[in-house]
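In what follows, a single structure is set out as structure tokens and then discussed.
Read the numbers this way: they start at 1 and go in the same order the structure lists the ligands and their atoms. Residues: numbered from 1 along the sequence shown.
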Amino acid sequence: MITMDVINLRVPTKVTLFGEHAVVYGTPAIASTIPVYIGISGRIINDGVITINIKHGLQFQANNIVIDKGCIRVDIEPSHVKKILGYILTAINICEEELGVARGSYGYNITIDSPLPIGVGLGTSAAISVGIISLCLILNKYINDVENHRQEIARLAWNVEKTVQGNASPMDTYTIALGGLRYIVPSTLTAYSIDIGEELPVVIGYTHRKGTTADLVQKVKKIKELNERIFAEILNTIKNIVEEARRALINYDLETLGLLMNINHGILQSLGIVNTEHNLLIHTLRAAGALGAKTSGAGGGGAFIALAPSKSVQEKLILVAESLGAKVVSKSLCRDGVNIVH
Ligand code: MEV
């Protein structure tokens with residue numbers, strides 16, 4: 001059974017506060033959704049094809065457009081195409097396999113509208129995976145709301161990330177499917193909500209990123225293989241940082257949180273995933289009054305998070321980050337996960 005109605009979804013992106021990379025090896029991490037949303041809408045169509053419309057931040061770069069006897073030939077910047085289409089088509093396949101449906105004579109018309117480019121470390125690929133899985137489950141009438149199916153959506157979206165990236169932790173997909181600030185335990189596939197009541201005065205943004213998440217995860221794996229014992233010690237330290245940070249969040253202890261962010265950043269640097277430009281940004285934010293600042297996510301440039309002691313310092317940090325060429329996307333975390341827009 002299918003529905004021909006148009007379904008509109010609002011999918012938040014996310015920031016990692018503590019524990020990235022180590023989470024790939026099974027240690028817990030802390031991440032949160034942020035109020036920067038990808039719009040995904042879609043409906044079933046009758047002609048057996050999948051049509052994908054991509055807008056704004058995710059748009060591909062199209063080169064050498066040639067119109068030849070009514071046919072349009074175009075070269076599209078391949079890494080973007082590969083990435084976005086890889087996630088979308090894998091999500092549709094995984095969803096249909098799970099449901100045991102053969103598409104046959106019908107197809108999908110899907111539109112994705114993102115304010116962010118893919119692959120900056122803020123969970124755009126996980127958001128697309130969560131969104132397309134949710135969309136496909138709803139269009140095939142397997143579910144009719146997301147509220148009671150978040151765990152199942154998270155599990156299938158994680159399968160999408162693993163299939164496309166090779167090695168992915170459940171952190172991004174579970175955070176985005178469930179929403180809010182989460183303490184993620186990969187071994188049990190649990191993402192506990194951390195309730196902090198008050199808003200954290202954060203500055204979240206990104207700089208240009210080199211390398212894919214898969215490349216950066218591979219880079220860390222090489223360090224592990226070079227010295228298993230030291231790597232095990234590093235994992236253990238990150239695990240302790242995450243535990244302390246969970247306590248500091250619950251107690252709204254901003255000073256401790258800032259210190260833990262700085263230590264976590266130092267460890268990420270020792271793992272070789274922080275580039276010089278990012279390091280300059282992080283250290284300048286600290287000098288400008290941040291209690292803590294760190295690279296967030298896979299690294300290679302990309303996302304960062306800074307913690308301010310007050311709203312006025314938060315505004316100053318935004319100006320500092322922007323003056324160094326960073327794009328600031330959020331001043332807060334958010335509570336929502338993927339949702340249907342009615
Ligand atoms: C991805 O946002 C962050 C990494 O920890 C990879 C993963 O968790 O799959 C680097």
What protein heavy atom sits nearest [atom], and how far off is it?
atom                   : result
atom 4 (C) of ligand 1 : His21 N, 4.0 Å
atom 3 (C) of ligand 1 : Met171 CE, 3.8 Å
atom 6 (C) of ligand 1 : Val24 CG2, 3.7 Å

Just jot down the ligand 1 atoms closer than 4.0 angstrom to any heavy atom of [X], in number order.
X      : value
Ala168 : 9 (O)
Ala298 : 10 (C)
Glu20  : 5 (O)
Val23  : 5 (O), 8 (O)

### Task
Find out whether the Lys NZ or Arg CZ of Arg246 is both under 6.0 angstrom from the six-membered ring centre of Phe18 and within 45° of the ring's axis.
no
### Message
Can you see whether Thr213 engages Gln165 through a side-chain donor-acceptor pair at a distance of less than 3.5 angstrom?
### Response
no
### Message
Do Asn148 and Asp145 pair up side chain to side chain, a donor and an acceptor below 3.5 Å, judged on atom types alone?
### Response
yes
### Query
Which is closest to atom 9 (O) of ligand 1 by heavy-atom distance: Gly297, Gly300, Ser169?
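Considering heavy atoms of Gly297, Gly300, Ser169, the nearest to atom 9 (O) of ligand 1 sits in Ser169.
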### Query
What do you reckon, does Asp172 put a non-hydrogen atom under 4.0 Å from ligand 1?
yes
### Query
Measuring from the heavy atoms of Lys14, does anything fall under 4.0 Å of ligand 1?
yes
### Query
For Phe231, which residues count as a ring-ring contact (aromatic ring centres under 6.0 Å, His included) partner, sequence neighbours excluded?
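Only Tyr25 meet the ring-ring contact (aromatic ring centres under 6.0 Å, His included) criterion with Phe231.
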### Query
Mind checking whether Ile263 and Val220 sit in one hydrophobic cluster, side chains of I, L, V, M, F, W, Y counted as touching below 4.5 Å?
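Yes, because Ile263 and Val220 connect within a single hydrophobic cluster, where side-chain heavy atoms sit under 4.5 Å apart.
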### Query
To the nearest 0.5 Å, how far apart are CG in Leu257 and CD1 in Ile196?
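Atom-to-atom, Leu257:CG and Ile196:CD1 are 8.5 Å apart.
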### Task
Give a yes or no answer on whether the side chain of Thr190 reaches the backbone of Pro186 with a donor-acceptor pair at less than 3.5 Å.
no
